Amino acid sequence: MSPAVVAPGAPPDPSWTPAGSPAEAAALARAGATVLVTLPAPLDAALAAAAVYRWHGAGVFVTEHTEQVRQALEMTDSLAGRRPPALARRALA
């Protein structure tokens, strides 16, 4: 499942299960739940938290930095092997 990024104030889906820690997110994701995470307000903290929570299986992210977080989630999914990289380069020395 590709991650969903929603703005604060958007109505939550009743099937989303909130998680308060990466360990809780991992356990809920293993159980098959769609994990909801509300990210912190500062951009750098939001990007770091989004990457960690996505690595642990969270699927829905609430943030005011939607585009930047979406890019961080795509990068995390590429690193985890869940999606191909957007661009691959090979350098020849």
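This one's a predicted model, so the numbers in the text were calculated from it and none came from an experiment.
When hydrophobic residues (I, L, V, M, F, W, Y) are linked wherever their side-chain heavy atoms come within less than 4.5 Å, the members clustered with L79 are W55, M75.
Separating the CZ atom in R83 from the OG1 atom in T76 is a distance of 10.0 Å, to the nearest 0.5 Å.
Residues V60 and Y53 fall into different hydrophobic clusters, defined by Ile, Leu, Val, Met, Phe, Trp and Tyr side chains chained together at heavy-atom separations under 4.5 Å. V62 and L47 are members of different hydrophobic clusters when ILVMFWY side chains are connected at heavy-atom separations under 4.5 Å. L39 and V35 fall within a single hydrophobic cluster, where Ile, Leu, Val, Met, Phe, Trp and Tyr side chains are chained together by heavy-atom contacts under 4.5 Å.
The two residues L73 and A50 come nearest to each other via the heavy atoms CD2-O, 3.6 Å. Here the closest heavy-atom approach between residue A41 and residue E64 is recorded as O-OE2, 3.9 Å. The two residues R82 and R54 come nearest to each other via the heavy atoms NH2-O, 3.0 Å. The shortest heavy-atom contact between P40 and A49 is CD-CB, 4.0 Å. A pairwise comparison of heavy atoms in H65 and T63 identifies N-OG1, 3.1 Å as the closest pair.
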Donor-acceptor contacts, no H, no angles, side chain residues 7-17, under 3.5 Å, sequence neighbours left out:
{"unit_1": "D13", "atom_1": "OD1", "unit_2": "S15", "atom_2": "N", "d": "2.7"}
{"unit_1": "D13", "atom_1": "OD1", "unit_2": "S15", "atom_2": "OG", "d": "2.8"}

Listed pairs under 3.5 Å, donor-acceptor, residues 18-34 side chains, sequence neighbours left out:
{"unit_1": "S21", "atom_1": "OG", "unit_2": "E24", "atom_2": "N", "d": "3.1"}
{"unit_1": "E24", "atom_1": "OE1", "unit_2": "G20", "atom_2": "N", "d": "2.8"}

